[in-house]
Amino acid sequence: MYGYEPPKPVRPGGCRDSLIIMRVAFEVLLPIVGVGIAALAVVAVAVVLFSYHPLLIFLPVAVVIGALMLVARRDRRLQAEERLRGEDGPRPPSAPR
């Protein structure tokens, strides 16, 4: 018959496809799980330090505050770089401004 094309067989997924899916899943989940484990570790260290002396509770609090300050500084720097580049990203030299 004219114009008839038999359906192409679908290739079954292989080991490479499974590995790619697993890699993407780990790239998404690993930072989240890492932050959760770090938060649990900070709480555990805070409890242990508090059991030694109540004033030692300020050490993990200071570490958390320092980490938040570093993240805020990094975010501000990235926003400033994006503002300098412009909304559309880097422009070619011949593009009008």
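This one's a predicted model, so the numbers in the text were calculated from it and none came from an experiment. Note: hydrogens, waters and symmetry copies are ignored here, and every other heavy atom, side chains too, is used.
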Distance in Å, [X] [atom1] paired with [Y] [atom2], rounded so as to fall on 0.5 Å steps:
X   : Y   : atom1 : atom2 : answer
R76 : R73 : CZ    : CZ    : 7.5 Å
I37 : L30 : CD1   : CG    : 8.5 Å
F26 : I21 : CZ    : CD1   : 13.0 Å
R23 : S18 : CZ    : OG    : 14.5 Å
L59 : F50 : CG    : CZ    : 13.5 Å

- Item | 4.5 Å side-chain heavy-atom contact, V64 and V42 | yes
- So, do I65 and V61 sit near enough that their side-chain heavy atoms are less than 4.5 Å apart? yes
- Do V48 and L56 share a hydrophobic cluster (ILVMFWY, side-chain heavy atoms under 4.5 Å, transitive)? yes
- Is L68 reachable from L70 through a run of I, L, V, M, F, W or Y residues, each pair having side-chain heavy atoms under 4.5 Å apart? no
- Message: Can you give me the closest heavy-atom contact between P60 and L49, atom names plus distance?
- Response: CD-CD1, 3.8 Å
